[in-house]
Amino acid sequence: MMETIVGAGRIGVALSEMGEAHLVRRGQPLPEATGPIYVCTRNDDLIGVIENTPPARRADLVFVQNGMIETFLDTHGMAENTQGLLYFAVSSVGATPVDGGQTTLWGRWAPVFAERLRRGGIQCIVQPDRDAYRRVMVEKFLWIAVFGLLSQRHQATVGAVVKDHRPDVDDLTAELTEVCERALGLTMPTDLADRLCAYSMSIASYQGAVKEFPWRNGWLLAQERTPLHVAWLSALGINR
């Protein structure tokens with residue numbers, strides 16, 4: 001078995017330094033091997049990676065992208081592929097990862113992936129239950145969507161958003177949680193806003209923004225155009 005990493009950016013290089021692996025850049029041919037293929041590219045590059053992967057090996061693709069990729073994976077017949085929610089930061093290519101302690105993995109290659117991450121000093125959980133994993137995925141997705149928007153709206157760090165604009169956090173989280181629950185058939189924890197705020201305070205100096213729109217806030221808008229979300233995006237000149 002050979003582990004393969006696609007993408008030589010911050011995450012790809014960090015994974016490659018955690019043990020033996022074949023590192024390829026986006027667009028390069030994959031080696032003839034068996035084992036997981038960790039896809040460490042931007043979301044917009046996913047379709048190219050899939051097309052570049054021989055059909056017989058596409059079940060080995062492991063997806064670690066932020067944002068709502070579940071719909072994309074469903075569309076391409078990859079709902080059962082291994083996925084990971086990475087809670088570690090790499091400031092630049094080659095820098096030592098800073099562990100956030102909440103990395104969660106699910107799927108066929110999750111145990112192998114977990115072993116690699118632990119060798120690199122990253123704590124992680126292998127979640128055997130798919131819906132439990134999906135709830136964790138939605139939680140991270142909502143954190144990105146809520147705090148990206150509010151951080152940009154208030155021109156503040158995520159810690160300052162919690163301290164100075166908590167009602168906005170509560171209201172937007174409640175509104176967007178309902179969107180996700182209806183779209184994905186999940187029931188999220190009732191203390192979700194508290195959980196999002198707790199994570200924000202653990203990285204209080206980070207300043208978010210609305211990014212990768214189709215995969216984040218744009219996905220939510222495509223499900224439902226809810227009042228606060230639309231109004232606050234429009235106030236920033238984002239109205240798609």
Between [X] and [Y], does at least one N-O distance fall below 4.0 Å, as a salt bridge requires?
X	Y	answer
R119	E115	yes
R108	E80	no
D194	R166	yes

Contact between [X] and [Y] at the side-chain level, heavy atoms closer than 4.5 Å - yes or no?
X	Y	value
V158	Y199	no
V39	Q65	yes
V136	Q127	no
P36	T82	no
L105	L117	yes
D168	R153	yes
L46	H76	no
C180	Q223	no

Rounded to the nearest 0.5 Å, how far apart are [atom1] of [X] and [atom2] of [Y]?
X	Y	atom1	atom2	answer
D129	R135	CG	CZ	6.5 Å
R26	N52	CZ	CG	10.0 Å
L73	L61	CG	CG	9.5 Å
E181	L192	CD	CG	8.5 Å
E139	I144	CD	CD1	11.5 Å
Q28	H22	CD	NE2	7.5 Å

May I have the step-by-step check of side chain to side chain contact (heavy atoms under 4.5 Å, CB included) for T53 and D60, ending in yes or no? CA-CA 10 Å; T53 303; D60 293 326; over 6 Å; no
Do any N or O atoms from the side chain of [X] and from the backbone of [Y] form a donor-acceptor pair under 3.5 angstrom?
X	Y	value
R225	V230	no
R134	L184	yes
S91	A89	no
N81	R58	yes
R116	G19	yes
Q152	V210	yes
R118	C124	yes

Can E3 and E20 be said to form a side chain to side chain contact (heavy atoms under 4.5 Å, CB included), step by step? CA-CA 8 Å; E3 295 172 71; E20 184 179 357; over 6 Å; no
Would you say Q155 has more than 12 foreign heavy atoms packed within less than 6.0 Å of its CD?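 Counting neighbours around CD of Q155, more than 12 heavy atoms of other residues, nucleotides or ligands fall under 6.0 Å, so yes.
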Heavy-atom count check: over 12 atoms from other residues, nucleotides or ligands less than 6.0 Å from R130 CZ?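 Buried by this count: over 12 neighbours within 6.0 Å.
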Would you name the heavy atoms of [X] and [Y] that are closest together and state the gap between them?
X	Y	value
Q123	D99	N-OD2, 2.9 Å
N217	A145	ND2-O, 3.3 Å
V13	A8	CG2-O, 3.4 Å
L23	G12	CD1-O, 4.2 Å
L196	W143	O-CD1, 3.5 Å
R57	P31	NH1-O, 3.5 Å

Transitive ILVMFWY side-chain link [X] to [Y], under 4.5 Å:
X	Y	answer
V146	I238	yes
L15	V62	yes
V24	F63	yes
I11	V6	no
W232	L142	yes

Working note: L85 + W106, criterion side chain to side chain contact (heavy atoms under 4.5 Å, CB included); need CA distance, chi angles, decisive distance, verdict. CA-CA 9 Å; L85 302 167; W106 171 84; over 6 Å; no
Quick check on the 6.0 Å ring-centre criterion: do Y206 and F147 meet it?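 Ring centroids of Y206 and F147 are no less than 6.0 Å from each other.
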Would K140 and Y87 count as a side chain to side chain contact (heavy atoms under 4.5 Å, CB included) here? Give the steps. CA-CA 9 Å; K140 187 179 186 188; Y87 279 88; 3.2 Å; yes
With no hydrogens and no angle check, do the side chains of W215 and N66 hold a donor and an acceptor under 3.5 Å apart?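 Their side chains do not contain a donor-acceptor pair, so the 3.5 Å distance test is not met.
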Which of parallel (below 30°), tilted (30 to 60°) and perpendicular (above 60°) describes H165 and H154?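 Ring orientation of H165 relative to H154: parallel.
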